[in-house]
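These notes are about the structure you will find just below.
All values reported here derive from a predicted model rather than from experimental measurement.
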Amino acid sequence: MGILSYRFIRTIEIEDRSLAHLRSVILAKLRRGESFAFSWEVPAEQGSGRNSIWLGPDIPVVFEFFDQREPRLNPLWLRELTRAANSPAGLTLVPEPDDPAAAG
């Protein structure tokens with residue numbers, strides 16, 4: 001389980017593999033100077049619901065991983081996450097599609 005920290009006041013627990021993919025998409029957008037919303041669902045054990053934050057190039061964001069190994073990134077998932085990040089609704093963690101390259 002990894003942690004995304006926002007402005008040093010908010011932390012979001014996200015599984016390491018998902019966080020690695022989100023990091024790639026978020027950093028690509030921030031490198032281009034783009035601002036966007038990121039929304040996620042709150043699990044029932046934490047009260048349920050949805051949250052959103054605004055991400056921009058001048059807002060501090062920290063990605064913490066607890067697994068020392070860097071996962072192989074799924075290009076199909078990166079494409080889907082990028083499409084979501086570029087939409088009016090902003091970035092959401094969509095389910096990972098199967099990566100045919102990983103199968104063989």
Check against side chain to side chain contact (heavy atoms under 4.5 Å, CB included), Trp40 and Leu22: CA-CA 12 Å; Trp40 67 96; Leu22 288 170; over 6 Å; no

Rounded to the nearest 0.5 Å, what separates atom [atom1] in [X] from atom [atom2] in [Y]?
| X | Y | atom1 | atom2 | answer |
| --- | --- | --- | --- | --- |
| Trp77 | Thr82 | CH2 | OG1 | 12.0 Å |
| His21 | Leu76 | NE2 | CG | 9.5 Å |
| Leu19 | Phe65 | CG | CZ | 4.0 Å |
| Leu81 | Lys29 | CG | NZ | 12.0 Å |
| Arg83 | Leu78 | CZ | CG | 12.0 Å |
| Glu41 | Thr92 | CD | OG1 | 9.0 Å |

Full working for side chain to side chain contact (heavy atoms under 4.5 Å, CB included) between Ile3 and Ile14: CA-CA 6 Å; Ile3 297 174; Ile14 302 171; over 6 Å; no

Criterion side chain to side chain contact (heavy atoms under 4.5 Å, CB included) on Ser52 and Phe38, from CA distance to verdict: CA-CA 5 Å; Ser52 295; Phe38 171 53; over 6 Å; no

Hydrophobic cluster membership, Leu30 vs Val62, 4.5 Å side-chain cutoff: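 Hydrophobic grouping puts Leu30 apart from Val62.
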
Leu27 with Phe36, same ILVMFWY side-chain cluster at under 4.5 Å: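 Yes, Leu27 connects to Phe36 through the hydrophobic network.
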
Carboxylate-amine/guanidinium contact Arg23 Glu64, below 4.0 Å: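 Answer for the salt bridge query: no.
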
Arg32 and Glu34 ion-paired at < 4.0 Å: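 Counted as a salt bridge, because a side-chain N and a carboxylate O are separated by less than 4.0 Å.
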
So, do [X] and [Y] sit near enough that their side-chain heavy atoms are less than 4.5 Å apart?
| X | Y | result |
| --- | --- | --- |
| Ile12 | Ile53 | yes |
| Leu73 | Ser24 | yes |
| Ser48 | Pro43 | no |
| Leu4 | Thr11 | no |
| Glu96 | Arg17 | yes |

Between [X] and [Y], which heavy-atom pair has the shortest distance, and what is it?
| X | Y | result |
| --- | --- | --- |
| Arg50 | Ser39 | NH2-CB, 3.4 Å |
| Asn74 | Pro97 | ND2-O, 2.8 Å |
| Pro57 | Ser35 | CD-OG, 3.6 Å |

Glu45 CD: over 12 foreign heavy atoms closer than 6.0 Å: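 Yes, enclosed.
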
Check against side chain to side chain contact (heavy atoms under 4.5 Å, CB included), Ile26 and Leu91: CA-CA 9 Å; Ile26 290 169; Leu91 178 59; 3.7 Å; yes

